[in-house]
Student: 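Right, I'll just put the structure down here and ask away after.
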Amino acid sequence: MLMGPALALAVAACAQNPHHLNTHYLDKFAPTDPTPAHFTVCHGFNCVERKQVSLSDDQWRRVAAVFKPRAKNAQLERQQIARAIALVETFVGPQAGIAARQWTHKNMLVLPNLGDLTQIDCVDASVNTWTYMTMMERAGMFQFHKVAQLSYAGSFTDPDLRNTAVLQQIEGGYFAVDASLVDHGTPPLVMPLAAWLDTWPPNPAAIEHVAQADATASHARP
């Protein structure tokens, strides 16, 4: 007897927030004022572990260098952002103890980590990616985007529960930036948020290509 009202409330909620944007995990786990010299990284699934990490001045300059020359359009800037996120991951991974192969990331799904704290799920990845992008945005590295709240998907009809960081294109749409689907230090998958919210796995044609070689070119430097 409650199905009718419950369904009506769910439909109304979706209509009011079609992008499923929310701050639930940010309020619980994200650093309130992250700076390159002092921020936290989540890992172990559901942010069960949080480590204090930092970037040196040289490392932060190398992150900024990813955005030079300036992108000529929003899509190219999203590629720069994805490469910069991958670079930050290579810097913080050894500090946080997560510079490990993410064996739980397989076929666009995140498998149970069986207590392995080196692994990162969608909650860890979305909070971490939001943190990295927030520092970049505050440093003036973006010209076509701003960092949005996190988004979530999953329901009785869509059992693949998931969370992602989100970019909002200025005077444009929303884009998922999902690092939970790739290995550590690899550019996160970027796609229109509408495609990420749709049936899972997403249409491969919706995923924006980011060259792996560009993201890892500077890994050899200490």
Side-chain angles (χ1 to χ4, degrees), residues 19-36 39-51 53-55 59-60 63-64 66-67 74 77-93 95-96 98-99 102 104-105 108 110 118-139 141-142 144-153 161-169 174-193 195-197 202 207-208 210 212 215-216:
H19 303 296
H20 296 188
L21 300 176
N22 70 97
T23 63
H24 175 72
Y25 290 118
L26 298 178
D27 293 340
K28 290 183 65 176
F29 302 125
T32 56
D33 187 24
T35 67
F39 60 101
T40 58
V41 167
C42 283
H43 63 98
F45 278 43
N46 201 43
C47 283
V48 69
E49 293 282 335
R50 280 184 284 175
K51 297 285 177 56
V53 297
S54 63
L55 298 177
Q59 288 172 333
W60 189 237
V63 173
V66 175
F67 295 90
E77 184 172 86
R78 289 193 292 275
Q79 294 178 18
Q80 290 178 328
I81 293 170
R83 291 194 290 266
I85 291 168
L87 185 57
V88 172
E89 287 181 345
T90 66
F91 293 147
V92 303
Q95 298 179 55
I98 53 175
Q102 295 299 304
T104 52
H105 301 181
M108 303 295 284
V110 180
T118 69
Q119 299 298 293
I120 294 173
D121 71 351
C122 65
V123 176
D124 301 325
S126 59
V127 172
N128 292 345
T129 302
W130 177 91
T131 299
Y132 307 154
M133 294 196 304
T134 295
M135 293 192 297
M136 295 173 197
E137 181 185 26
R138 291 178 179 177
M141 297 179 190
F142 300 171
F144 295 106
H145 298 87
K146 58 183 179 180
V147 181
Q149 298 173 355
L150 306 186
S151 183
Y152 68 92
L161 302 178
R162 53 197 184 274
N163 295 270
T164 186
V166 178
L167 283 170
Q168 182 181 7
Q169 185 176 321
Y174 291 87
F175 291 83
V177 185
D178 195 340
S180 72
L181 304 174
V182 296
D183 206 357
H184 182 82
T186 300
L189 298 187
V190 179
M191 68 191 84
L193 184 56
W196 187 91
L197 290 169
I207 301 173
E208 298 185 355
V210 180
Q212 168 70 6
T216 58

Student: Hey, are the side chains of Val92 and Lys51 touching, using non-hydrogen atoms and a 4.5 Å cut-off?
Tutor: no
Student: Checking Arg138 against Asp33 for the side chain to side chain contact (heavy atoms under 4.5 Å, CB included) test, could you report, in this order, the C-alpha distance in whole Å, the side-chain angles of both residues, the deciding distance, and whether it holds?
Tutor: CA-CA 10 Å; Arg138 291 178 179 177; Asp33 187 24; 3.0 Å; yes
Student: Taking all non-hydrogen atoms of both residues into account, name the closest pair between Val66 and Ala84 and its distance.
Tutor: CG1-N, 4.0 Å
Student: Thr131 and Pro34: which non-hydrogen atoms are nearest, and at how many Å?
Tutor: CG2-CB, 3.7 Å
Student: Ignoring hydrogens and geometry, is there a side-chain-to-backbone donor-acceptor pair from Gln169 to Phe175 under 3.5 Å?
Tutor: no
Student: Taking the inter-plane angle between the rings of Tyr174 and His19 on a 0 to 90° scale, is it parallel (under 30°), tilted (30 to 60°) or perpendicular (over 60°)?
Tutor: tilted
Student: Determine, step by step, whether Tyr25 and Asn46 satisfy the side chain to side chain contact (heavy atoms under 4.5 Å, CB included) criterion, reporting the C-alpha distance in whole Å, the side-chain angles of both residues, the deciding distance to 0.1 Å, and the verdict.
Tutor: CA-CA 9 Å; Tyr25 290 118; Asn46 201 43; 3.8 Å; yes
Student: Any sub-3.5 Å donor-acceptor pair from Arg162's side-chain atoms to Trp196's backbone N or O?
Tutor: yes
Student: Using 30° and 60° as the class boundaries, would you call the ring planes of Phe142 and His145 parallel, tilted or perpendicular?
Tutor: perpendicular
Student: Using modelled atom types only, decide if a donor and an acceptor are shared between the side chain of Asn128 and the backbone of Val41 within a distance under 3.5 Å.
Tutor: no
Student: Sub-3.5 Å donor-acceptor pair from the side chain of Thr129 to the main-chain atoms of Ser126, do we have one?
Tutor: no
Student: Closest approach of Gly44 and Val48, non-hydrogen atoms and distance?
Tutor: O-CG1, 3.2 Å
Student: Just so I know, are the side chains of Gln95 and Ser54 near enough to count as touching, which here means a heavy-atom distance under 4.5 Å?
Tutor: yes
Student: Donor-acceptor pair, distance only, cut-off 3.5 Å: does the side chain of His105 make one with the backbone of Gln119?
Tutor: no
Student: Quick check against the 3.5 Å criterion: does Asp124 have a side-chain atom that pairs as donor or acceptor with the backbone of Phe45?
Tutor: yes
Student: Mind listing the closest non-hydrogen atom pair of Ala153 and His20 along with its distance?
Tutor: CA-ND1, 4.4 Å
Student: Before you tell me yes or no, could you show the steps for Val63 and Val88 under side chain to side chain contact (heavy atoms under 4.5 Å, CB included), namely the whole-Å CA-CA distance, both residues' side-chain angles and the distance that decides it to 0.1 Å?
Tutor: CA-CA 7 Å; Val63 173; Val88 172; 3.8 Å; yes
Student: Would you check, one step at a time, whether the test side chain to side chain contact (heavy atoms under 4.5 Å, CB included) holds for Tyr152 with His24?
Tutor: CA-CA 10 Å; Tyr152 68 92; His24 175 72; over 6 Å; no
Student: Ser180 side chain to Asp121 main-chain N or O, any donor-acceptor pair under 3.5 Å?
Tutor: no
Student: Looking at Gln149 and Leu21, what are the two nearest heavy atoms and their distance?
Tutor: OE1-C, 3.5 Å
Student: What pair of heavy atoms forms the shortest contact from Thr186 to Ala86, and how long is it?
Tutor: C-CB, 3.7 Å
Student: So, Gln102 side chain and Asp183 main chain: donor-acceptor pair closer than 3.5 Å or not?
Tutor: no
Student: Atom CH2 in Trp130, atom CD in Glu137: separation rounded to 0.5 Å?
Tutor: 9.5 Å
